[in-house]
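One structure is given here, and the rest of the page talks about it.
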There are 2 protein chains.
Amino acid sequence: MDGKPYIARRPKRADGRRNYDAILAAARKAFETSGADASLEDIASQAGVAIGTLYRHFPTRASLVEAATRDGLENLVARAERLAAGPDPLDALTEWMREAVVHFSTFRGLVGILARSMYDEGTPSHAMCAAMHRSGADLLRAAQAAGRVRPDLTPEELFDLLSGAAWVREQAASGRDGSPRFLRLVLEGITIREDRPLPH
Amino acid sequence: MDGKPYIARRPKRADGRRNYDAILAAARKAFETSGADASLEDIASQAGVAIGTLYRHFPTRASLVEAATRDGLENLVARAERLAAGPDPLDALTEWMREAVVHFSTFRGLVGILARSMYDEGTPSHAMCAAMHRSGADLLRAAQAAGRVRPDLTPEELFDLLSGAAWVREQAASGRDGSPRFLRLVLEGITIREDRPLPH
DNA sequence: CCATCAACCTGAGGCAACCTCAGGATAATT
DNA sequence: AATTATCCTGAGGTTGCCTCAGGTTGATGG
């Protein structure tokens, strides 16, 4: 039990840091073209490094995925705070959801990993997912407090809708992309308008 | 180009038929416990058959998945016709969607395969997916004609929503299952009620 | 009952990817 | 310059995929 298991730290030796960065860059490229199950050996050789070195820095595939997506998801969390400061809570929520869907479907297979990490601590991405959960829950609560979103919607359901949309987008990555429409339909299902009260 | 490529037919020799059935049974079990990427060698040995025999009957993994899910999906198509004969088109559509979600998430990885097959002919499951597409489109059209579903919803969008729901269900297979709620939210987003007109 | 043969079965083996680990190299430190 | 913790390498064990040459067998007609 060492502090934060599976979370790769930036190494201190110069060559270590160099290789760490090279692997990460190669991984990002590979994930984007081949999905989350890209060959680790390819990534290593693309980074000009032996396979053992990759495993030294990233003991599991999940830890590599986590490192490759950390920045983007951190931005998403930061974005939530900025959006929350805006005037319209519903706009904030919908805009954030739109951006979240894009981030969740950065590459094929990512949503699945994130969805599992969300409720499974001990997963590299769990900490980040928990942070996003808080961000999403805050925006949701605000929109509900303003009476613009059905009050019975839970954060968990929000993320189900979100990841469903991201999955659809990820599937259709090449060709028809139904996700904007998907999200719009979902949003119309959960929002409240004066001329359109909740059923029941 | 031989008639129906990739579609495994029941063999005629007695031992062939026996093995075909044994493999199929083993595959169903394996898919259900390990997902669509279960080990084919495990399936073969579980069926008491050499690996080559499995490949003889099912040249690709996709063809095995197709055979393993054919019955269930055929039932779903038949169910659509029976439901269409009912009094309420909206009830028919929603009930069919509910059942479709269950079938699509029979095992982990199935929705992904079906979603790809839907618009990619030359895939073993494409024929079945096309049939389901027709069924769904018919039910949708009827519900729209009755003024109970927003008229701008396309069958493609319907299946996006459907497979999104199935994917969420598949993810949560063990533990919290958000799919009934997911579908309900989606349905409320696409249906029309007198006291709740479409926005814009 | 037998001969024939297409259909069927087997499992070794090549390939790719995963992951580990013993041994060697090297950057930082003193 | 010596020390040492950190880092790197790549061979090799393991698993799963898929093919194919060669052997076996169920069906068929005589």
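As the structure is a prediction and not an experimental result, all values here were calculated from the model. The chains referred to below are lettered A, B, ... by the order of the sequence lines, with proteins before strands, and numbering in each begins at 1.
With salt bridges taken as basic N to acidic carboxylate O contacts below 4.0 Å, one links B:Asp138 and B:Arg141. Comment: A:Lys29 does not engage A:Asp42 in a salt bridge, judged by the lack of any side-chain N to carboxylate O separation of less than 4.0 angstrom. Salt-bridge check for A:Glu170 with A:Arg108: failed, with every basic side-chain N at 4.0 Å or more from each acidic carboxylate O.
Within the 4.0 angstrom heavy-atom criterion, only backbone atoms of the sugar-phosphate kind lie near A:Gly16; the bases stay farther away. Among the protein residues, B:Thr53 comes within range of the nucleic acid bases, having at least one heavy atom under 4.0 Å from a base atom. Nucleic acid contact for A:Ile51: base, since at least one base atom lies under 4.0 Å from a heavy atom of the residue. Across all strands shown, A:Ala44 has no heavy atoms under 4.0 Å from either base or sugar-phosphate atoms.
Rounded to an integer number of Å, the gap from CZ of A:Phe58 to C1' of C:dT20 is 18 Å. Between the CG atom of A:Leu54 and the C1' atom of C:dC18 there is a distance of 11 Å, given to the nearest Å. In this structure, B:Asp42 places its CG atom 14 Å from C1' of D:dT14, rounding to the nearest Å. Residue B:Asp15 contributes atom CG, which lies 19 Å from atom P of D:dG23 at whole-angstrom precision. Distance CG (B:Asn19) to C1' (C:dA7): 12 Å, rounded to an integer number of Å. Here the P atom of nucleotide C:dA17 and the CG atom of A:Leu40 are 10 Å apart, to the nearest Å. Regarding A:Asp37, its CG atom lies at a distance of 9 Å from the P atom of C:dC18, rounded to whole Å. Whole-Å rounding puts the A:Glu41 CD to D:dT14 C1' distance at 13 Å.
Nearest-nucleotide assignment on DNA chain D puts the 5′-proximal partner with B:Arg61, out of B:Ala14 and B:Arg61. Mapping A:Ala38 and A:Gly52 onto DNA chain C by nearest heavy atom places A:Ala38 closer to the 5' end of the strand.
Taking each heavy atom of B:Ala26 and B:Ile43 in turn, the nearest pair found is CB-O, 3.6 Å. Nearest approach of A:Leu139 to A:Ala92, heavy atoms of both residues: CD2-CB, 4.1 Å.
Taking only side-chain atoms of A:Ser39, from C-beta outward, the nucleotide of D:dG16, C:dA17, D:dT19 with the closest atom is C:dA17. Residue B:Tyr55 has its side chain nearest to D:dT19 when only D:dT19, C:dT20, D:dG26 are considered.
Put simply, B:Arg56 has a side-chain N or O that comes within less than 4.0 Å of OP1 or OP2 on C:dC8. In this structure, A:His57 reaches the D:dC8 phosphate: one of its side-chain N or O atoms is under 4.0 Å from OP1 or OP2. Not one side-chain nitrogen or oxygen of B:Arg13 sits closer than 4.0 Å to the OP1 or OP2 atom of D:dT25.
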